[in-house]
Novice: 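Can you keep this structure in mind? I'll have questions shortly.
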Protein chains: 2
Amino acid sequence: MIRKYSIGRPIETGSVVSKFPLSEGTPKGLTLQEGSTFVISLSDTAVVYGLGETVRGINKRGWKYISNCSDDPNHTESKNSLYAAHNFVLILDKEEATGYYFDTPEKVIFDIGYTRLDQMAVTLTKGDAYIYEITADITGMNTMAGAEDSSPRRVVRQFRQMIGRSYIPPLWAFGYGQSRWGYRCRKDIENVIAGYEEADIPLDSVYMDIDYMERYKDFTVDEEKFPQFGEFVSEVKKKNIHLVPIIDAGVKIEEGYDVYEEGVRDGHFCKKEDGKELVAAVWPGRVHFPDFFQEKTRKWFGEKYDVLLKQGIDGFWNDMNEPAIFYTEEGLTEAFSRIKEYEGKNLDIQSFFDFQSVVGSLNNNPKDYARFYHNYEGQKIRHDKVHNLYGYLMTRAAGEAFRRLSPDKRILLFSRSSYIGMHRYGGVWTGDNQSWWSHMLLNIQQLPGLNMCGFLFSGADTGGFGADCTEDIVLRWLAVSLYTPLFRNHAALGTRDQELYRFVHKDWMRGLIRLRYALIPYLYSEFMKAAFRDDLYIQPLSFVYTEDERARNVEDQLLVGESIMIAPVYTQNATGRMVYLPEEMKMLRFAGDSLVEESVLAKGDHYIPVSLKEAVMFLRPGHALPLAKPAKTTAELDLDHLTYLTFNARPEDYELYRDDGITPVKE
Amino acid sequence: MIRKYSIGRPIETGSVVSKFPLSEGTPKGLTLQEGSTFVISLSDTAVVYGLGETVRGINKRGWKYISNCSDDPNHTESKNSLYAAHNFVLILDKEEATGYYFDTPEKVIFDIGYTRLDQMAVTLTKGDAYIYEITADITGMNTMAGAEDSSPRRVVRQFRQMIGRSYIPPLWAFGYGQSRWGYRCRKDIENVIAGYEEADIPLDSVYMDIDYMERYKDFTVDEEKFPQFGEFVSEVKKKNIHLVPIIDAGVKIEEGYDVYEEGVRDGHFCKKEDGKELVAAVWPGRVHFPDFFQEKTRKWFGEKYDVLLKQGIDGFWNDMNEPAIFYTEEGLTEAFSRIKEYEGKNLDIQSFFDFQSVVGSLNNNPKDYARFYHNYEGQKIRHDKVHNLYGYLMTRAAGEAFRRLSPDKRILLFSRSSYIGMHRYGGVWTGDNQSWWSHMLLNIQQLPGLNMCGFLFSGADTGGFGADCTEDIVLRWLAVSLYTPLFRNHAALGTRDQELYRFVHKDWMRGLIRLRYALIPYLYSEFMKAAFRDDLYIQPLSFVYTEDERARNVEDQLLVGESIMIAPVYTQNATGRMVYLPEEMKMLRFAGDSLVEESVLAKGDHYIPVSLKEAVMFLRPGHALPLAKPAKTTAELDLDHLTYLTFNARPEDYELYRDDGITPVKE
């Protein structure tokens, strides 16, 4: 049952696609306190799920999360905001679930046991929102044939149905991709492909970071570094490998650059109070930001992707669309003038830190987000009031355009910043993580929340983006990303080489990637079924084993699809780990893509040794797992001849989903 | 067996107190490669211990650690250096241990499975060091009556014997202490004491951070904020509470300030190439650094502590002695001039990040460490060549002075920066950590390495220094610091209040602190025995259960003293955890200081529920645990009437150590 409430004067975000009558008052389960704070008590055993891409555990209790899309690469436990605003929470108390969705572009503060261990307080900072209260009572709802049922899943399915079907990428997007900030030219990318070929490691895509553009201008390709780009794309595609370029939210200010000139001419850029375009800065230095709140601008910007589509590109990642701001013209001018005040003085601890912060706080400064406006359905709205929608609308611009520009072919699309609603147009990657073991765990813990919020197509920068990786972290991370729809290895400029063929144990790397390809029939089937049924592709144990108290507190195991539970090793030097089995399961031990052990384990705790080359998964009773013969690319997978691993089930019990992996799926 | 080798022209650090003949060549177990890199292969199962205060796990494999004392408050996994240089490693392969100590003030790079998983490569960046190779063969060594034996413990005991007995603090330093950057005046501190009194939570000390000084001048007390300081100290001491002020390495440049003027007059400050004193900046802004390499300066600076001793102070913490440098005069001038080059330009990603780094990289800049010199036994040595000794020598100055100034009373002393050798003069706290769950684990993992390196008196800022704490992280951290000799709650300016009486569940906090006081007879006995026997107070499981492969890989359980194993809960929202018992043990469950469960558990894995108010420990067979009746302060503990918890042992099997807790222990 879904009840919709309206508080203040909400802005329509477009995140909800179903219509609901407005209920009177405020949500029944919440107490409205001073201002716009909604409070609910939490029993000792209640677990709070949701919030999508945030820091900390699967259970969100014990921290204060602020929905405020932020470009902050230091994802430590004490951060309040990451790149996304996913305002959906689900409270599971005993076996009963209730969901709340706060549909508003404003900052929302989720104090979930931060101020008081025993309560959640949600504060609308402006006070305008639609609030949806979702209970597990599904009278009148589609029955979702085939899906396992539980109170939390009923809540999630209702929520997901109301926000619309999740984005479906092409099948090749389930292949393995290599990325790096620092592939400076065609030769660099050719070398990467050759490296994978020589090491005989499967590869479906190579990502192109900001290096490919001409002076960081969107929809340009540097002709010196990437001569005859279209031809290069086709050549690579002959090997069934896809190039996936990055697109930035900011448009470089440069005379003669068509996107810039058209944008100015046709009023596509965000303007300041005085009516002049805001001058902010990102990669190219000074840029204007397209006003994606204008339908005409979304259409215009979306069409621009065609420049690359026409050259054979069929995948994109939208970056810096919080939007990240290095500085604005005004902010930088102020900073230079303030800096001068410190010159020649004795700077003590306070004044020195102040001085450093003049320069250090230029990036993503709240003052800058109050300097410009959007034109949204005829209304002039200051950016900071609708900030959280910007990345979503950029990606919507692209997603809507692809439906027009590429009606016969799915286009891969994912974004850094997002708001619920964007899940219909693209996926997300979890941003600029680091080569930290704690970020591998964070990745595991973010996945259920992302799934609840509709972002089925998601994954982390495998191996870690920032900081230097080690061979063991890469191996262990492969054994996690094995299961995420987006499986991309990505690293930052200046960090240690992270392409798999660079390491000593290439054979172990190869084995794990081959296992991924073997799993694709399963992963793709489960993904598609979850999308069609508004269900979860990845879920916490408690969504199935709702009555199991131990399962409710498991923070490092997940259910992936209907058949398997995973329990990755995510600590350095561990030669194994304890795994909790909420029921009898069959352990499947793979050394690379070779099944080396099958054994039935009883419900309870087990110490499972897992070496660096292995991946261990747990097959649920009554379920089957289809496997393909590994291939060099998804295109070469033989999907007609699968083998099945089963546990008290027959292969035909498994509901396999197949399509051509390319044709867009009807709405 | 210890063999000493000399490479290049080593500088005498004073860290080793025993004399050894020089062996020819290089250590037998290491292969000398290009330059000054010593390499050793690591088998799959070998574990590398040691390095004291560093990031990552108990097993140091999988990272590159650089001995380079650094003031860096962001202790993430990818940092290479923290505040200390502890160049001792111990390799445990099968049951056989070998230790290596690289005694040199230069930067040493410990690449332990970073470049290659299967090797350790230690690089001397200048090439001058004494290297000690220590094997478990103890022919001719003291027998260490009473201590359990194993190959790794033999290696550690030999190493510890050669570096001299660890610092022994007064008994009251084992009590609980409250600290915060931000107690601005006498009233603030009185309020803290009153807060603890009202909440009936034991308290032995209140720390005074930089706020107490007059304009951050060492050995001054701000008379406005702390009028009649000596009287205040006595009043507080009537309650058996000790005030513990901070001392900074830098001496403020201020006309009329005696320490500054004497220092200049008598040649105590570090000078630049041109013979003028270096002008660096720390808390007070511009400072000079005492040249602690000069014996006369150590004596002079050490005597200065008497200003506070005379007012009744009997404990100090030495801070910022890496030394931290906010900027130097030269560095700041250069920065201001470079900043101007960026003004009025279009700053793109490279130039903008360069611009920010001009200001951001002022702190602790390597260029500044090359700007000044020490006078060490008649030689002029550039600071960066002996950098790692600075904090050690500052604390040595204080420690040596206390022997003269306070011959009848132990003085509490610990330091942020350290080098092996400093362990004879003071303890360490593990620096500016954060209220992160991962830092609670880091704290657990740092303790065995610190113990191996002689730093028995150590502990972390409980609850976390930086970032906002939550009530649950404070409770769980109390249940870790319960066992560390230094047990101090400390928090940074601007973070959430962290005094225990500020929280809802004061009674739970009280219970855990009372448990600490109950444990003091045990903790103090174990500490003193470890100090007298050059043994470990806290050790990894593998040091006792050497043949147990599971035990070798346990990263989150420790042995504390001879009787107990601990397995703290260090993840948020966990209601318990898996614990590995390497042998049958008796679980002792305390709810606060009340024993609520005793049960014998078999060797193997157990899921142990632990609520936020509880502490669970595991009593080893054949051992006993003495407990005192909790009291408000250590002074009020009744040490004549102890009770004993036992497991297949009698109370009299326990070797209790008692002394007056004040009189300095003879060398």
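Below, read A as the first sequence line, B as the second, and so on, with proteins coming before strands; counting in each chain starts at 1. Only heavy atoms go into these numbers, but all of them, side chains included; no hydrogens, no water, no symmetry mates. All of these numbers come straight from a predicted model, not from anything done at the bench.
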Novice: Heavy-atom distances under 4.5 Å only: say whether B:Arg215 touches chain A with side chain, backbone, both or neither.
Specialist: neither

Novice: Is it the backbone or the side chain of B:Phe353 that comes under 4.5 Å from a heavy atom of chain A, or both, or neither?
Specialist: side chain

Novice: Please classify the contact of A:Ile253 with chain B as side chain, backbone, both or neither, using a heavy-atom distance under 4.5 Å.
Specialist: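 Nothing of A:Ile253, per the 4.5 Å heavy-atom cut-off to chain B.
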
Novice: Against chain B, work out which of A:Val282, A:Asn363, A:Leu362 has the most heavy-atom pairs shorter than 4.5 Å and name it.
Specialist: A:Asn363

Novice: Would you check if there is a donor-acceptor pair between the side chains of A:Glu77 and B:Ser438 at a distance under 3.5 Å?
Specialist: yes

Novice: Is chain A contacted by the side chain of B:Phe352, its backbone, both, or neither, given a heavy-atom distance below 4.5 Å?
Specialist: side chain

Novice: As an exercise: rank A:Arg496, A:Gln434, A:His439, A:Lys64 by heavy-atom pairs under 4.5 Å with chain B and give me the winner.
Specialist: A:Arg496

Novice: If I compare all heavy atoms of B:Ala492 with all of B:Gly466, which pair ends up nearest, and what's the gap?
Specialist: CB-CA, 4.3 Å

Novice: At a 4.5 Å cut-off on heavy atoms, which part of B:Tyr580 comes close to chain A: side chain, backbone, both, or neither?
Specialist: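 The answer is neither part of B:Tyr580.
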
Novice: Do A:Arg116 and A:Asp111 sit within salt-bridge range, that is, some charged N less than 4.0 Å from a carboxylate O?
Specialist: no

Novice: Both conditions, 6.0 Å and 45 degrees, for the charged tip of A:Arg577 above the ring of A:Tyr570: are they met here?
Specialist: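 No, A:Arg577 does not sit over the ring of A:Tyr570.
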
Novice: State, to 0.1 Å, how close B:Ile58 and B:Glu555 come at their nearest heavy-atom pair, and which atoms those are.
Specialist: N-OE1, 2.5 Å

Novice: Using non-hydrogen atoms and a 4.5 Å limit, figure out which bit of B:Val359 sits close to chain A: side chain, backbone, both or neither.
Specialist: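 Interface part for B:Val359: both.
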
Novice: Identify the heavy atoms of A:Ser435 and A:Gly463 that sit nearest to each other, and give their distance.
Specialist: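 Answer, listing the atom of A:Ser435 first, then A:Gly463: OG-O, 2.6 Å.
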
Novice: Has A:Thr328 got a side-chain atom pairing as donor or acceptor with A:Gly331's backbone, closer than 3.5 angstrom?
Specialist: yes

Novice: Go through A:Thr470, A:Leu612, A:Asn346, A:Asp348 and name the one with the most non-hydrogen pairs under 4.5 angstrom from chain B.
Specialist: A:Asn346

Novice: Carefully, step by step, assess B:Glu214 and B:Lys217 under the rule salt bridge (Lys or Arg N to Asp or Glu O under 4.0 Å).
Specialist: CA-CA 6 Å; B:Glu214 187 186 79; B:Lys217 288 183 296 186; 2.6 Å; yes

Novice: Side chain, backbone, both or neither: which part of B:Ile473 has a non-hydrogen atom closer than 4.5 Å to chain A?
Specialist: neither

Novice: Of the backbone (N, CA, C, O) and the side chain (C-beta and beyond), which part of B:Asp472 lies under 4.5 Å from a heavy atom of chain A, both, or neither?
Specialist: both

Novice: Is B:Asn74 in contact with chain A via its backbone, its side chain, both, or neither, using a 4.5 Å heavy-atom distance?
Specialist: side chain

Novice: Tell me if the aromatic rings of A:Phe355 and B:Phe326 count as close, with their centers under 6.0 Å from one another.
Specialist: no

Novice: For B:Val47, is it the side chain, the backbone, both or neither that has a heavy atom under 4.5 Å from a heavy atom of chain A?
Specialist: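 Looking at B:Val47, nothing touches chain A.
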
Novice: Quick check for you: among A:Gln350, A:His606, A:Glu329, which has the greatest number of heavy-atom pairs under 4.5 Å with chain B?
Specialist: A:Gln350

Novice: Run through A:Trp181, A:Tyr216, A:Trp283 and flag the one making a side-chain contact (heavy atoms from CB on, under 4.5 Å) with A:Ile246.
Specialist: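 Between A:Ile246 and the candidates, side-chain contact (heavy atoms from CB on, under 4.5 Å) is satisfied uniquely by A:Trp283.
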
Novice: Examine whether an atom of B:Asn553 lies under 4.5 Å from a heavy atom of chain A, and if so say whether it belongs to the side chain, the backbone or both; otherwise answer neither.
Specialist: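 The side chain, not the backbone.
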
Novice: What pair of heavy atoms forms the shortest contact from A:Gln119 to A:Leu42, and how long is it?
Specialist: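 Nearest heavy atoms, A:Gln119 then A:Leu42: C-CD1, 3.8 Å.
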
Novice: Please rank B:His505, B:Lys252, B:Arg61 by heavy-atom pairs under 4.5 Å with chain A and give me the top one.
Specialist: B:Arg61

Novice: Checking heavy atoms, do the side chain of A:Leu347, its backbone, both or neither come under 4.5 Å from chain B?
Specialist: both

Novice: Out of A:Leu332, A:Asp605, A:Thr45, A:Val504, which one racks up the most heavy-atom pairs below 4.5 Å with chain B?
Specialist: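 Ranked by contacts with chain B, first place is A:Asp605.
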
Novice: Can you tell me which portion of B:Lys340 sits under 4.5 Å from chain A's heavy atoms? Options are side chain, backbone, both or neither.
Specialist: side chain

Novice: Using a cut-off of under 4.5 Å on heavy-atom pairs, state which of A:Trp437, A:Tyr342, A:Phe336 scores highest against chain B.
Specialist: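 The answer is A:Phe336.
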
Novice: Establish, for the pair B:Arg56 and B:Tyr65, whether the NZ or CZ atom is under 6.0 angstrom from the six-membered ring centre and no further than 45 degrees off its axis.
Specialist: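 Geometry flag: not set, cation outside 6.0 Å or 45°.
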
